[in-house]
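These notes are about the structure you will find just below.
Residue numbers begin at 1 in each chain, while the letters A, B, ... track the order of the sequences.
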Number of protein chains: 2
Amino acid sequence: MKVMVVDDHDLIRKGIILLLESYADIEVAADAGDGNEALVLAMQTEPDVVLMDISMPNGLDGFTTTKQLIQQQPNIKVVLLTMHDEEAYIRQAIQSGAHGYILKKSQGSDLYEAIYHVYHGQRYYRTDLSEEQIEKMMKEKEKPVSPLTLREQEVLRLTVLGYTNKEIAEKLHISAKTVENHKSNIMNKLDLKQKHEMIQYGIKNYFSDMR
Amino acid sequence: MKVMVVDDHDLIRKGIILLLESYADIEVAADAGDGNEALVLAMQTEPDVVLMDISMPNGLDGFTTTKQLIQQQPNIKVVLLTMHDEEAYIRQAIQSGAHGYILKKSQGSDLYEAIYHVYHGQRYYRTDLSEEQIEKMMKEKEKPVSPLTLREQEVLRLTVLGYTNKEIAEKLHISAKTVENHKSNIMNKLDLKQKHEMIQYGIKNYFSDMR
DNA sequence: CAATACATAGGGGCATCCCCCTATCCGTAT
DNA sequence: ATACGGATAGGGGGATGCCCCTATGTATTG
């Protein structure tokens with residue numbers, strides 16, 4: 001099985017490569033430090049399976065890269081690797097088309113298991129969520145990850161970062177009044193009464209891998 | 001050199017162990033998944049060098065564990081491993097007494113370098129900060145990590161979480177006016193002009209490993 | 001075709017925040 | 001002893017935010 005490893009942390013990537021190479025039937029064909037590099041190297045080396053971290057820099061995160069990779073090489077299998085075990089992450093993983101999902105805290109043998117299963121065309125999601133929940137999410141492929149619209153998400157993100165309505169309005173090229181409306185719609189949709197509930201919802205859902 | 005590896009992510013830990021074992025003069029004597037386990041195993045196996053992640057669960061993070069480890073075994077050397085390259089982290093590392101500091105994004109060879117140097121009694125801090133800045137921080141061992149007072153830090157933290165002045169005042173049992181004053185003092189101290197700069201400073205310094 | 005969702009924008013009004021002051025009390029350091 | 005930093009609190013005024021309302025254009029969907 002030809003595997004490519006994608007992770008922006010050099011040290012971690014090297015360690016994972018050694019882990020993979022300890023299996024006789026795995027060959028690490030390439031490794032990349034970001035999404036763009038991954039797309040290029042996948043074309044050149046044509047790996048069977050790509051093992052990819054979700055948190056990556058330069059705007060091209062693991063989800064986005066997975067989508068593009070599968071579009072580019074439809075037969076490629078992708079296993080996402082992350083420390084996050086939250087519904088929003090798993091839903092995004094499913095919607096990105098990833099074939100596998102494993103946690104950094106999981107056992108070393110899960111890594112091989114995941115690659116083996118997806119190589120043979122099987123799905124492999126190892127999370128704390130139940131198989132039923134995963135199945136349900138697979139059937140809801142079109143359901144938005146967030147109850148908020150894209151615009152509302154942008155407004156919320158900028159609000160968490162402390163920008164005033166006026167500043168947000170300038171950034172998004174709309175009027176401050178519209179920003180107010182978006183905020184008010186967010187509060188209604190999520191059935192929130194106080195500003196701090198909205199901020200904390202935003203932090204939890206859009207900044208959980210802040211760094 | 002007998003080395004112990006401490007990281008709560010099993011997969012990452014196993015990878016790093018393989019990386020270390022590829023060096024002939026390094027022997028991985030033990031590995032631990034949290035701070036408590038690390039303290040116990042360090043007693044039992046007496047490693048020369050401990051390579052430890054900073055972000056760890058159960059309240060006992062890398063800094064705290066380092067302090068306790070050095071108190072328990074004064075001849076032990078600790079190398080901290082993290083993805084954070086920010087002044088606050090490095091200052092805390094210095095104050096915890098850690099002998100080395102390397103980033104997950106750094107090169108594989110830095111890992112060996114760090115262990116080799118601290119084993120031979122030298123300090124090894126590989127960050128984007130200049131050697132002068134590190135030297136300065138070493139001389140300021142007692143200086144608080146934050147330029148803000150404890151009260152200001154509390155106010156900032158609650159502000160980031162979206163609480164209004166009135167709500168913060170109630171939580172801290174002070175008047176809303178005093179909260180305003182603290183905020184204004186924060187802005188002056190940090191030489192900030194806009195609210196979002198303060199919020200983002202707060203996020204960076206008090207919520208960087210949110211999850 | 002009608003209904004719905006989404007993004008846009010404004011009016012009016014009240015609450016809150018932010019900024020520039022002044023002020024007191026306490027503890028520590030020079 | 002005096003000076004300084006830290007925490008507390010208030011006045012006044014202008015800016016901003018938030019809430020309730022109305023309104024329009026577009027796109028999608030039943």
Side-chain angles (χ1 to χ4, degrees), chain A residues 88 91 95 139-203 205-206, chain B residues 88 91 95 139-203 205-206:
Chain A
R91 193 180 285 280
Q95 296 190 357
K139 288 175 190 135
E140 296 171 332
K141 266 229 166 189
E142 318 76 39
K143 184 177 168 181
V145 173
S146 169
L148 304 181
T149 66
L150 285 176
R151 209 49 161 173
E152 285 162 355
Q153 291 180 45
E154 287 179 276
V155 169
L156 178 51
R157 206 178 55 80
L158 293 169
T159 303
V160 171
L161 290 174
Y163 294 99
T164 64
N165 288 347
K166 197 190 271 186
E167 288 165 340
I168 295 171
E170 279 160 17
K171 279 180 189 291
L172 302 182
H173 308 293
I174 56 181
S175 101
K177 267 296 179 187
T178 305
V179 177
E180 282 180 38
N181 288 332
H182 284 309
K183 281 191 186 179
S184 152
N185 290 335
I186 293 168
M187 298 285 283
N188 286 333
K189 265 191 190 175
L190 303 177
D191 194 30
L192 306 178
K193 270 87 194 161
Q194 283 170 293
K195 192 186 68 167
H196 68 254
E197 296 176 307
M198 180 175 73
I199 298 293
Q200 287 167 32
Y201 175 92
I203 289 173
N205 290 282
Y206 302 108
Chain B
R91 194 179 283 280
Q95 296 189 359
K139 288 177 190 135
E140 299 170 332
K141 268 229 167 191
E142 319 76 38
K143 184 177 169 182
V145 173
S146 170
L148 304 181
T149 67
L150 284 177
R151 209 52 161 169
E152 285 162 354
Q153 290 179 47
E154 286 179 276
V155 169
L156 178 50
R157 206 178 56 79
L158 293 169
T159 303
V160 171
L161 289 174
Y163 294 99
T164 64
N165 289 348
K166 197 190 269 187
E167 288 166 340
I168 295 171
E170 278 161 17
K171 278 179 190 291
L172 302 183
H173 308 292
I174 58 181
S175 100
K177 265 298 180 186
T178 305
V179 177
E180 281 181 37
N181 288 332
H182 284 310
K183 281 191 186 179
S184 149
N185 290 335
I186 293 168
M187 297 284 285
N188 286 331
K189 266 190 190 175
L190 302 177
D191 194 30
L192 306 178
K193 270 87 194 162
Q194 283 170 295
K195 194 186 67 165
H196 70 254
E197 296 175 308
M198 180 175 74
I199 298 293
Q200 288 167 32
Y201 175 93
I203 290 173
N205 289 283
Y206 302 109

With no hydrogens and no angle check, do the side chains of A:Asn165 and A:Lys183 hold a donor and an acceptor under 3.5 Å apart?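 Yes, a side-chain donor-acceptor pair sits under 3.5 Å.
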Record whether the side chain of A:Lys177 comes under 3.5 Å of the base of C:dG11 through a donor-acceptor pair of N or O atoms.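 Counting by modelled atom types and ignoring angles, a donor-acceptor contact under 3.5 Å is found here.
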Spell out yes or no: do the side chain of A:Glu152 and the base of C:dC6 have one donor N/O and one acceptor N/O closer than 3.5 Å?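 Under the 3.5 Å cut-off, the side chain and the base do not form any donor-acceptor pair.
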With respect to the side chain of [X], which nucleotide from [options] is positioned closest?
{"X": "A:Lys166", "options": "C:dT8, D:dT16, D:dG17", "answer": "D:dT16"}
{"X": "A:Asn181", "options": "D:dA7, C:dA9, C:dA7", "answer": "C:dA9"}
{"X": "B:Lys189", "options": "D:dG6, C:dT8, D:dC18", "answer": "D:dG6"}
{"X": "B:His182", "options": "C:dG10, C:dT8, D:dT8", "answer": "D:dT8"}
{"X": "A:Glu180", "options": "D:dT8, D:dC19, C:dA9", "answer": "D:dC19"}
{"X": "B:Lys183", "options": "C:dA7, C:dC18, C:dT16", "answer": "C:dC18"}
{"X": "B:Thr164", "options": "C:dT16, D:dG17, C:dC17", "answer": "C:dC17"}
{"X": "B:Arg151", "options": "C:dA9, D:dA7, C:dC6", "answer": "D:dA7"}

Residue closer to the 5' end of DNA chain C, B:Asn188 versus B:Glu167 (nearest nucleotide):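 First, find each residue's nearest nucleotide; the 5'-ward one identifies B:Glu167.
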Residue met sooner reading DNA chain D from 5', once A:Met187 and B:Asn185 are mapped to nucleotides: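 First, find each residue's nearest nucleotide; the 5'-ward one identifies B:Asn185.
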side-chain N/O B:Thr149 vs D:dG5 OP1/OP2, d < 4.0 Å: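 Negative; the distance criterion is not met.
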Is any side-chain nitrogen or oxygen of B:Thr178 closer than 4.0 Å to OP1 or OP2 of D:dA9?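 Indeed, a polar side-chain atom of B:Thr178 lies that close.
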Option from A:Ile203, A:Ile199, A:Ile186 for which side-chain contact (heavy atoms from CB on, under 4.5 Å) with A:Leu156 holds: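 For A:Leu156, the side-chain contact (heavy atoms from CB on, under 4.5 Å) check succeeds only for A:Ile186.
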Which value, rounded to the nearest 0.5 Å, describes the distance between B:Leu158 atom CG and B:Gln153 atom CD?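 That separation rounds to 12.0 Å.
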Does the structure place the NZ or CZ of B:Lys171 under 6.0 Å from the centre of the six-membered ring of B:Tyr163, at an angle of no more than 45° from the ring's axis?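 Yes, B:Lys171 and B:Tyr163 form such a contact.
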